[in-house]
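I have placed the structure first, in the form of structure tokens, so that the comments after it can refer back to it.
Chain naming here is simple, since letters A, B, ... match the order of the sequence lines and numbering starts at 1 in each.
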Amino acid sequence: MSRYDPATLEPKWQKAWDEAGTFLATRTGDKPKYYVLEMFPYPSGRIHIGHVRNYTMGDVIARYKLATGHNVLHPMGFDAFGMPAENAAMENGGHPADWIYQNIDTMVEQMKPLGFGLDWSRMFATSDPEYYGQQQALFLDFLKAGLVYRKNAVVNWDPVDMTVLANEQVIDGRGWRSGAEVERRELTQWFFRISDFSEELLDALDGLDDWPAKVKLMQANWIGKSRGLQFAFGLTEATTGHDRVEVYTTRPDTLLGASFIGISPDHPLARELEAHDPKVAEFCAMARRGGTTEEAIEKAEKLGYDTGLTCRHPFDTSWELPVYIANFILMDYGTGAIFGCPAHDQRDLDFARKYGLDVVSTFVPLSGDHVKPEDGGDAYVPPKTEKVHWTLPFNWDAEATGTEAIDAAIRFCEEKGVGHGVTKFRLRDWGLSRQRYWGCPIPVVHCDTCGVVPEKKENLPIELPRDVSFDVPGNPLDRHPTWRQTTCPKCGGAALRETDTMDTFVDSSWYFARFTAPRADTPTDMEEAAYWMNVDQYIGGIEHAILHLLYSRFFARAMHITGHLPEKCKEPFDALFTQGMVTHAIYVTRDENDRPVYHFPEDVEVHESGARLGATGQEVEVIPSAKMSKSKKNVVDPVNIIKTYGADTARWFVLSDSPPERDVEWTAAGAEAANRHLGRVWSLSDRIAQMDPGAAGEGDADLLREMHRTIRDVTLGVESFGFNAAIAKLYAFTNTLSRSKASHAAQREAVMTLAQLMSPMTPHLAEDIWARQGGTGLIAEAAWPVADEAMLVEDTVTLPIQINGKRRSEITVARDASKEEVEKIAMADDAVIRALDGGAPKKVIVVPGRIVNVVV
RNA sequence: GCGGGCGUGAUGGAACUGGUAGACAUAUCGGACUUAAAAUCCGUGGGCCGUAAGGCCGUGGGGGUUCAAAUCCCCCCGCCCGCACCA
């Protein structure tokens, strides 16, 4: 008797698919197309079990769509530019390109044994000059179309290393290498005009029916459309060049509760005061310390500097409000100035209490206990849709919602000539300049006579120079002896290249389009793009819910405008699925100083009594379900898993148990169980293959009915990303089949169908079963089974009977029994008679085909 | 700090659109097979009371809507993701 042996059968079937070209994307016949894409990986060096889960999900869809008669495009590539390659070069010497391409080779080598149905012929890395050269062409077209411009923007500046830091390189406000306090410094940078598309990007979310609601909500909040009032406070005494402070507020209804004006340290007025007053300068310098992230700014202690200036309230010119410079006000949102209403904003309240400013409520709750903030309570911030009692309205009812009051306030102020209603968006333009080497060079030159000049397309790609070093901080392109020297494309005179490279988000904002024609000598081939786009199913992590997806949506529009994508591609991802992570327990012991010492799972033996180190028997603390991280050593290497159990086991396990959108915890016991199950299926098939072909049996109809139910349930599961539920059904059907005494013909049909239903998840095992049962051709190319509707209908249904909402009994009735009939049968049920105790029911609810509830 | 999400037996989870909570799997325990072990197969498998029939409790905590709530609403707790230069 043979045994399930993935080590021999997996390579065998991978070779068979390769030779048949099963997964090459082709435009054959009049089949519909299907484009399935998983977010491409960063080539960190090794694949991660999380990748296995992500790509297995995509592969299930791809194989299922192939089996249901589609031309399938399922490509793979690498997001290869970015900081880690430079960091590796800094730490270990070597060159980022060598590091990254070695990593890519390793990862491809690790991915191939997993048997993904990928069209490897379309593979590329974003660091290939063929790719980034076309990206430069796109940039030039965007520039021509007015979608790119330059302006000043703040960066994290390390004053010791004299270099720009990424947000993740700023730790507690200090540079990660130098330890110096980071400053916010302005640089001239390139920007994409994504904010011009704010309204459109927001409105179009409505059409994305197959995107998770949470992602659409996050994007909508990020774009942040707000209706507010823009107006000016007049300064009591005009200083040089400033007689007013323009503010923007989304709560003009609280204007009568204003108690101070706050301006950003980068506000022109603050700049002006800074120039003449060392104390102001000192405060502004302090306020500019720390990182640039919104998080850092919001979490920092709220500090203000009283400028001594005052403004007049627009509705009461005798009312003067102090002007503070405050560290939490951002210059690039709104006008860089606000008015503070401490009663209805906790941040303003904290600020007011700190600096002894007035607190005036403008509204209170309709009822209930309420401690006003002026009496020591918290700021009162109800939802804008809630009706409140107004103590200081302008012209609206004493009882009105925030929304009603805001609208009324805007109308009132417009009538009085105090400002005007404006719609603003939180979304800012996309800064794409990076002062780093390992990225796509921005294809422009700086000419003393002509200024900033775009490169000529025939000079593309502008390739990165190979001879660079990373021994000193800063951008190697800046200090390269010759690379910068070039001639001006316009006047032919000497000029200097731009040394900024592009944000890696640019690379990942159009790779999905490039996959449709990866070797084209233009960014896209319109005919191929028109055929394969859009991505029918996009799969990736929730961490990309905002930036990557929003940037890609912008890029698709920009590519349409510049003639690189058809109109229908403006929303490039028809359906989106965000999968969860693979987690693993952390094993930790303590050293003599009580510091944690982490251990790899393979060094730990887990028993029901606890976990111990295999080598020493020392007891180990188990922290369950933590995100895998190298430093915590709670990682499992897919390569080891494949070696131990085979690819199918790994694929089966990452899909079973947990719903795909949720995290799944990798456990050795679970992997072993998955492996045992696949072995059982193989043995079952083997047993059936060895039956006498003419063997009769009993229960054929029952087995086949169950088979058709399984076809229905698994198909539904695969189509709705319910892979775990589909696998549960496959377990159940395997149990049914293994107990069946049906004829050989019925069992053979059942096991071949089982193999087909399993084939998207465990393709190698499925091929093997198919071949051993004498199936024709490859199972990967066989048509997906279809459930026979006639086999699915049942004559009777079992209904639960509830008494007062609790299940007490059940009855079996004809499938099409009327409400009256069901009620009659229910009332004759023992449990009901007992509960009624001779009385009449208060109410009987019959939901046909569902439930009966008797209220007594 | 702000925005978004998640929380169900010892464990991973199932439950269609508000309609039998715990499918399927893992651990455990009991049994069969075996000289023995592994593998395999059969059974057990939320808690409490009860010989049983049956009853009570139970989906992070508290409250609410409903004939009926894991599912809808409000408050709280814990964890996760994002916050524009990590990818």
Side-chain angles (χ1 to χ4, degrees), chain A residues 39 41-42 44 79 81-84 153 155-156 164-170 189 194 212-215 217-222 224 291-300 302 328 346-347 426-436 503-505 507-508 541-548 550-551 578 580-581 583 606 608 624-627 656-659 661-665 667 669-670 672-674 676-677 679-680 683 716 720 722 724-725 727-732 735 738-739 798-802 804-810 842-845 847 849-855:
Chain A
M39 291 181 184
Y42 180 80
S44 57
D79 189 14
F81 274 138
M83 294 202 310
V155 294
N156 300 305
V164 177
L165 299 178
N167 284 336
E168 70 159 9
Q169 296 173 321
V170 179
Q189 312 241 49
I194 188 173
K214 62 180 169 186
V215 173
L217 187 56
M218 281 189 260
Q219 291 218 353
N221 289 340
W222 185 263
T292 57
T293 68
E294 195 169 294
E295 186 189 0
I297 291 163
E298 286 288 328
K299 275 188 180 164
K302 309 294 181 290
F328 55 87
Q346 190 61 43
R347 187 180 62 185
R426 202 184 78 100
L427 181 64
R428 309 198 294 257
D429 276 334
W430 170 12
L432 68 120
S433 297
R434 295 292 180 273
Q435 294 71 41
R436 271 181 260 288
D503 177 9
T504 54
F505 272 121
D507 312 337
S508 56
I542 187 69
E543 66 272 22
H544 295 292
I546 298 175
L547 293 179
H548 163 62
L550 192 61
Y551 289 159
T578 56
M581 294 179 299
T583 62
V606 184
E608 64 270 26
S625 289
K627 180 176 167 176
S656 62
D657 283 9
S658 272
E661 68 275 16
R662 245 198 267 178
D663 296 349
V664 63
E665 173 150 8
T667 62
E672 244 161 70
R676 273 205 305 272
H677 177 74
R680 270 198 296 270
S683 305
L716 188 71
S720 62
N724 56 326
I727 283 178
K729 300 288 180 195
L730 288 166
Y731 268 111
N735 290 340
S738 67
R739 281 172 208 147
T798 303
L799 295 185
I801 307 231
Q802 292 185 333
N804 291 337
K806 287 192 190 297
R807 181 187 173 280
R808 284 293 180 261
S809 182
E810 60 184 33
K842 267 193 204 153
K843 198 172 178 183
V844 179
I845 293 132
V847 183
R850 281 253 183 245
I851 204 163
V852 179
N853 191 7
V854 182
V855 186

### Task
Looking only at side-chain atoms of A:P659, point me to the closest of B:G13, B:A21, B:G4.
B:G13
### Message
Whether A:R428 contacts B:A84 is assessed here as follows: a side-chain N or O lying under 4.0 Å from the phosphate OP1 or OP2. Is that the case?
### Response
no
### Task
Using a 4.0 Å heavy-atom cut-off across all strands, classify A:V215 as base, sugar-phosphate, or nothing.
nothing
### Task
To the nearest 0.5 angstrom, please state how far the NE2 atom of A:H677 sits from the CG atom of A:N735.
7.5 Å
### Query
Quick one: which of B:C24, B:C83, B:G4 gets closest to the side chain of A:M218?
B:G4
### Message
Considering every strand and a 4.0 Å limit on heavy-atom distances, what is the contact class for A:Q435: base, sugar-phosphate, or nothing?
### Response
base
### Task
Identify whether any heavy atom of A:Q189 sits under 4.0 Å from a base atom; if not, whether one sits that close to sugar-phosphate; answer base, sugar-phosphate or nothing.
base
## Note on the structure
Checking N1-N3 plus N6-O4 or O6-N4 for Watson-Crick, or N1-O2 and O6-N3 for wobble, each under 3.5 Å, the partner of B:C29 is B:G43
### Message
Check the orientation of A:F505 and A:Y551. Use parallel for under 30°, tilted for 30 to 60°, and perpendicular for over 60°.
### Response
perpendicular
### Query
Whom does B:C6 pair with, Watson-Crick or G-U wobble, provided both distances fall under 3.5 Å?
B:G78
### Message
Applying a 4.0 Å non-hydrogen cut-off, can you work out what A:A673 is touching in the nucleic acid: base, sugar-phosphate, or nothing?
### Response
sugar-phosphate
### Task
Could you check whether A:V170 gets within reach of a base, just the sugar-phosphate, or nothing at all, counting any heavy atom under 4.0 Å?
nothing
### Task
Pick base, sugar-phosphate or nothing for A:L799, based on heavy-atom distances below 4.0 Å to the nucleic acid.
nothing
### Query
Does A:T504 have a side-chain nitrogen or oxygen under 4.0 Å from the phosphate oxygens OP1 or OP2 of B:A87?
yes
### Query
Base, sugar-phosphate alone, or nothing: which one does A:G431 contact when heavy atoms must sit under 4.0 Å apart?
sugar-phosphate
### Task
Would you classify A:F505 as touching base, sugar-phosphate or nothing, given that sugar-phosphate means primed atoms plus P, OP1 and OP2, and contacts are heavy atoms under 4.0 Å?
base
### Task
Look only at the side chain of A:K299 and the backbone of A:I297, and say whether a donor-acceptor pair between them is shorter than 3.5 Å.
no
### Query
Taking C-beta and beyond as the side chain, do A:M83 and A:R434 meet within less than 4.5 Å on heavy atoms?
no
### Query
Does any donor-acceptor pair link the side chain of A:E295 with the base of B:C83 at a separation under 3.5 Å?
yes
### Message
I need the A:I845 CD1 to A:R850 CZ distance, nearest 0.5 Å.
### Response
15.0 Å
### Task
For B:G55, take OP1 and OP2 only and decide whether either is under 4.0 Å from a side-chain N or O of A:R808.
yes
### Query
Base, sugar-phosphate, or nothing for A:H544, non-hydrogen atoms under 4.0 angstrom?
base
### Message
For a quick check of understanding: with a heavy-atom distance under 4.0 Å over all strands, which category does A:W222 fall into, base, sugar-phosphate or nothing?
### Response
base
### Task
Would you indicate which nucleotide in B:C85, B:A25, B:G13 comes nearest to any side-chain atom of A:Y731?
B:A25
### Message
I want to check one thing: is the phosphate of B:C2, taken as OP1 and OP2, less than 4.0 Å away from some side-chain N or O of A:N221?
### Response
no
### Query
Touch check for A:S508, heavy atoms < 4.0 angstrom, all strands: base, sugar-phosphate only, or nothing?
nothing
### Query
Going by distance alone, is a donor N or O of one side chain under 3.5 Å from an acceptor N or O of the other, for A:Q435 and A:Q189?
yes
### Query
In the strands shown, is B:C24 matched to any nucleotide by a Watson-Crick or G-U wobble pair with both distances under 3.5 Å, and which?
B:G12
### Task
Please determine, for B:C83, whether a Watson-Crick or G-U wobble partner exists with both distances under 3.5 Å, and give it or none.
B:G1
### Task
When you get a sec, tell me which of B:C24, B:A87, B:A14 is the closest nucleotide to the side chain of A:M83?
B:A87
### Query
Choosing from B:U40, B:A25, B:G4, which nucleotide comes nearest the side chain of A:K214?
B:G4
### N-glycosidic conformation, B:G60 - syn within 90 degrees of 0, else anti
anti
What nitrogen or oxygen pairs link the protein and nucleotides 62-72 of chain B at under 3.5 Å?
| residue | atom | partner | partner atom | Å |
| --- | --- | --- | --- | --- |
| B:C67 | O2' | A:N853 | ND2 | 3.3 |
| B:C67 | O2 | A:N853 | ND2 | 2.6 |

Protein N or O to nucleotides 41-49 of chain B N or O, pairs below 3.5 Å:
| residue | atom | partner | partner atom | Å |
| --- | --- | --- | --- | --- |
| B:C42 | OP1 | A:R739 | NE | 3.0 |

#### Entry: Separation between NZ of A:K214 and OG1 of A:T578, rounded to the nearest 0.5 Å
4.0 Å
### Task
Would you please say whether a donor-acceptor pair under 3.5 Å links the side chains of A:N156 and A:T292?
yes
